[in-house]
Amino acid sequence: MSYSVGQVAAFAGITVRTLHHYDRAGLLSPSARSRAGYRLYDDGDLARLQQVLFYRELGFSLDEIATILKDPQANALEHLRARQLRLGEEIARLQRLAEVAERAIEVQQTGVSLTPEERFEVFGEIAFDLSYATQAQLKWADSEGQRESMARAAAHTKEDWRLLMREAAAWRAELLAAFDDGEPADGERAMDLAEEHRLHISRWFTSCPPDIHRRIADDMVADPRAFALVVPPSQQRPGLAAYLGKAVHANASRRTDSEGNR
């Protein structure tokens, strides 16, 4: 059976111009011509085209492909091994670039302008999950509070982050103690800790009125990545995220009631 150049191009997902180029390059010449002079390809031609496209996908040049196809038994394995080595080197290079890009993105998305070494030194177990940071940036992109928070985070010095993290660690110890002591989430001690957390956000990042604090708490309860920014996994207890969420809501209601009674 014979196939026209248009049919072969459709089969292979390439253009007619590409087939013409392969013909001129001596890679794939049609086995026949019609009476009108049009190219006609048979099944053997299609098999050869499949080989050409296979080697092109691996990144071989047309000259290299022509050399391989002249004597595939003698050349194919040698060329494939050499190409495998080059691809391995290219994969390693791209992986290094991807790691550099990831660090750059992380700095942009989290607003923490520290080197990886400084980040490890300052944050320890607290890790910024890049996927969460990206989603949060998209989710709150139109929020004035998010823009302010990112700007202030980017302006923090290494010493600012040290102080911030010491303050957070002291607060976290008090939260864990209250939880372990069985203090009710809507009791004074837990609500006071929730208020400290709200003021911490306002002091270091952006204004955090009670309604915004509720939304932050709901996010921590719903998404473990968000809660891990407050309590690292090694210090978490079952039910702790829900406990903090309830304390934040109780404190928000307490503050709303207090302001309403003034």
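For clarity, every value in this text was computed on a predicted model and none was experimentally measured.
- When the ring-ring contact (aromatic ring centres under 6.0 Å, His included) test is applied to H249, no partner is found at least two apart in sequence or on another chain.
- With sequence neighbours excluded, no residue satisfies side chain to side chain contact (heavy atoms under 4.5 Å, CB included) with A47.
- In this structure the side chain of P30 reaches within 4.5 angstrom of the side chain of D23, judged on heavy atoms.
- The side-chain hydrogen bond (donor to acceptor under 3.5 Å, both in side chains) test applied to D186 returns no partner, not counting sequence neighbours.
- For H21, the side chain to side chain contact (heavy atoms under 4.5 Å, CB included) test picks out R24, L62, with sequence neighbours left out.
- For D42 and S31, the side-chain atoms include at least one donor-acceptor pair closer than 3.5 Å.
- Residues meeting the side chain to side chain contact (heavy atoms under 4.5 Å, CB included) test with L199, sequence neighbours left out: E195, R203.
- By the criterion of side-chain heavy atoms lying less than 4.5 angstrom apart, applied directly or through intervening Ile, Leu, Val, Met, Phe, Trp or Tyr residues, L28 is grouped together with L58 in one hydrophobic cluster.
- Taking CG of L27 as the reference point, atom CG of L53 lies at 10.0 Å (rounded to 0.5 Å).
- Between R255 and R198 the shortest side-chain heavy-atom distance falls below 4.5 Å.
- The side-chain contact (heavy atoms from CB on, under 4.5 Å) test with I14 is passed by exactly one of L49, V8, V52: L49.
- When all heavy atoms of G245 and V221 are compared, the pair lying nearest together is CA-CG2, 4.0 Å.
- Sorted by first and then second residue, the pairs that involve residues 45-65 and meet salt bridge (charged side-chain N to carboxylate O under 4.0 Å, His left out), not counting sequence neighbours, are E64-R86.
- The aromatic rings of H197 and H200 sit parallel, their planes meeting at an angle under 30°, below the 60° perpendicular limit.
- Under the salt bridge (charged side-chain N to carboxylate O under 4.0 Å, His left out) criterion, the residue pairs touching residues 229-246 are D180-R237, with sequence neighbours excluded.
- A donor-acceptor pair is defined here as one N or O able to donate and one able to accept, closer than 3.5 Å; no such pair exists between the side chain of H20 and the backbone of V5.
- Applying the side-chain hydrogen bond (donor to acceptor under 3.5 Å, both in side chains) test to Y3 and every residue at least two apart in sequence or in another chain returns D43.
- With contacts defined as side-chain heavy-atom distances shorter than 4.5 Å, the pair R33/S2 does not qualify.
- In this structure, Q236 and A228 approach most closely via the heavy-atom pair NE2-CA, 3.8 Å.
- Among pairs with a residue in residues 4-20, none fulfils salt bridge (charged side-chain N to carboxylate O under 4.0 Å, His left out), at least two apart in sequence or across chains.
- Salt-bridge formation is detected for the pair R254/D192: a Lys NZ or Arg NE/NH1/NH2 atom is positioned less than 4.0 Å from an Asp or Glu carboxylate oxygen.
- For E167, the CD atom counts as densely surrounded, since its 6.0 Å shell holds more than 12 non-hydrogen atoms of other residues, nucleotides or ligands.
- Looking at every heavy atom in both residues, A9 comes nearest to T15 through CB-C, 4.0 Å.
- In terms of modelled atom types and a separation under 3.5 Å, the side chain of T206 and the main chain of S202 share no donor-acceptor contact.
- Residues A190 and A185 approach most closely at CB-O, 3.4 Å, considering heavy atoms.
- Inter-residue side-chain proximity for Q7 and Y41 is flagged as unmet; no heavy-atom pair is nearer than 4.5 Å.
- Under the 3.5 Å distance criterion, the side-chain polar atoms of R39 are left unmatched by any main-chain donor or acceptor of A32.
- Residues M220 and A241 share a closest heavy-atom pair of O-CB, 4.1 Å.
- Here the side chains of Y55 and I68 are in contact, with some heavy-atom distance below 4.5 Å.
- Heavy-atom neighbours of Y38 OH from other residues, nucleotides or ligands within 6.0 Å: at or below the threshold of 12.
- There is a path of hydrophobic side-chain contacts, each under 4.5 Å, that joins L193 to V248.
- In this structure a side-chain-to-backbone donor-acceptor pair under 3.5 Å is missing from W171 to E196.
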For the pair S253 and R214, evaluate side chain to side chain contact (heavy atoms under 4.5 Å, CB included) and give the outcome as yes or no after the intermediate values.
CA-CA 10 Å; S253 296; R214 283 192 180 101; 3.4 Å; yes
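- Considering only heavy atoms from C-beta on, P184 stays 4.5 Å or farther from R189 through its side chain.
- Residue pairs meeting the ring-ring contact (aromatic ring centres under 6.0 Å, His included) criterion with at least one member in residues 215-244, sequence neighbours excluded, are F179-Y243.
- Considering CG of D218 and NE2 of H213, their distance stands at 10.5 Å, rounded to 0.5 Å.
- The CE atom of M165 sits 6.0 Å away from atom CZ of R172, with the distance rounded to the nearest 0.5 Å.
- With sequence neighbours left out, the side chain to side chain contact (heavy atoms under 4.5 Å, CB included) criterion links S207 to P209.
- For E159, the salt bridge (charged side-chain N to carboxylate O under 4.0 Å, His left out) test picks out R162, with sequence neighbours left out.
- The distance from atom CD of Q51 to atom CG of L46, rounded to the nearest 0.5 Å, is 12.0 Å.
- Residues I216 and C208 come closest through the heavy atom pair CD1-SG, 4.0 Å.
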